[in-house]
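Quick note: numbers below take in every heavy atom, side chains included, and nothing from hydrogens, waters or symmetry partners. Quick caveat: nothing in here was measured; it's all calculated off a predicted structure.
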Amino acid sequence: QVRLVESGGGSVQPGGSLRLSCAASGTVFAINTMGWYRQAPGKQRELVATIISEGTTDYADSVRGRFTISRDNAKNTVYLQMSSLNAEDTAVYYCNADRIYTSRGVYYTDNWGQGTQVTVSS
């Protein structure tokens, strides 16, 4: 069994910064694409950023230039550095791992963390 555990959410003033982390636990051997999604109240979950195992990244237009996604494959961890935050960034942020390969030769697809709240307010 594998799990994704997020941390780093909280409250911040407009213009501030936060860094989210998401670590995969269990008998993890490798992970392909990892990403961050968010869901604001009354809205659908939307993609924020993705990063493949080799490091290529992609961003939603709304966060490009303000957010940076990165990963540490040795730690099975993905990060989201968020800067110049505004009220529209308020949401629950979810970590996703498209496919997690275990050392037992089993893989798990479409893996999600429990979510972490980010609130941007003055």
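A donor-acceptor pair under 3.5 Å is absent between the side-chain atoms of Asn86 and the main chain of Gly15, judged by distance alone. A side-chain donor-acceptor contact under 3.5 Å links Asn111 to the backbone of Ala97.
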Step-by-step side-chain contact (heavy atoms from CB on, under 4.5 Å) determination, Glu54 to Asn73: CA-CA 9 Å; Glu54 293 81 6; Asn73 291 333; over 6 Å; no
Does the side-chain contact (heavy atoms from CB on, under 4.5 Å) test come out yes or no for Thr68 and Tyr79, once each step is laid out? CA-CA 8 Å; Thr68 301; Tyr79 306 95; over 6 Å; no
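What you find for Thr27 and Arg104 is that their closest heavy atoms are OG1-NE, 3.8 Å. Taking all atoms of both residues into account, the shortest heavy-atom contact from Arg71 to Ile31 is NH2-O, 2.9 Å. Pro14 and Ser122 make their closest contact through CD-N, 3.7 Å (heavy atoms, listed as atom of the first residue, atom of the second, distance). The nearest pair of heavy atoms linking Ser84 to Arg66 is O-NH1, 2.9 Å.
Put simply, Val2 and Trp36 are part of the same group of oily side chains (I, L, V, M, F, W, Y) that touch within less than 4.5 Å, one to the next. Linking Ile, Leu, Val, Met, Phe, Trp and Tyr residues whenever their side-chain heavy atoms come within less than 4.5 Å leaves Tyr94 and Val5 in two separate clusters.
Rounded to the nearest 0.5 Å, atoms OG1 (Thr102) and CZ (Phe29) are 9.5 Å apart. Taken from OG1 in Thr90 to CD in Gln117, the straight-line distance is 7.5 Å, to the nearest 0.5 Å. The distance from atom CD of Glu46 to atom CD of Gln39, rounded to the nearest 0.5 Å, is 9.5 Å. Note that the OH atom of Tyr108 and the CZ atom of Arg3 stand 13.5 Å from one another [nearest 0.5 Å]. Note: Ile69 CD1 to Ile51 CD1 = 5.5 Å, rounded to the nearest 0.5 Å. In this structure, Leu4 CG and Thr77 OG1 are separated by 10.0 Å, a value rounded to the nearest 0.5 Å.
When each of Leu20, Val48, Val12 is paired with Met82, the side chain to side chain contact (heavy atoms under 4.5 Å, CB included) condition holds for Leu20 and for no other.
Contact annotation: the side chain of Phe67 approaches that of Leu85 to within less than 4.5 Å [non-hydrogen atoms, C-beta and beyond]. Between Glu6 and Tyr93, every side-chain heavy-atom pair lies at or beyond the 4.5 Å cut-off. Asn32 places none of its side-chain heavy atoms less than 4.5 Å from the side chain of Ile52. Using a 4.5 Å heavy-atom cutoff, the side chains of Arg38 and Val63 are in contact.
Ring planes of Tyr101 and Tyr107: tilted class, angle from 30 to 60°.
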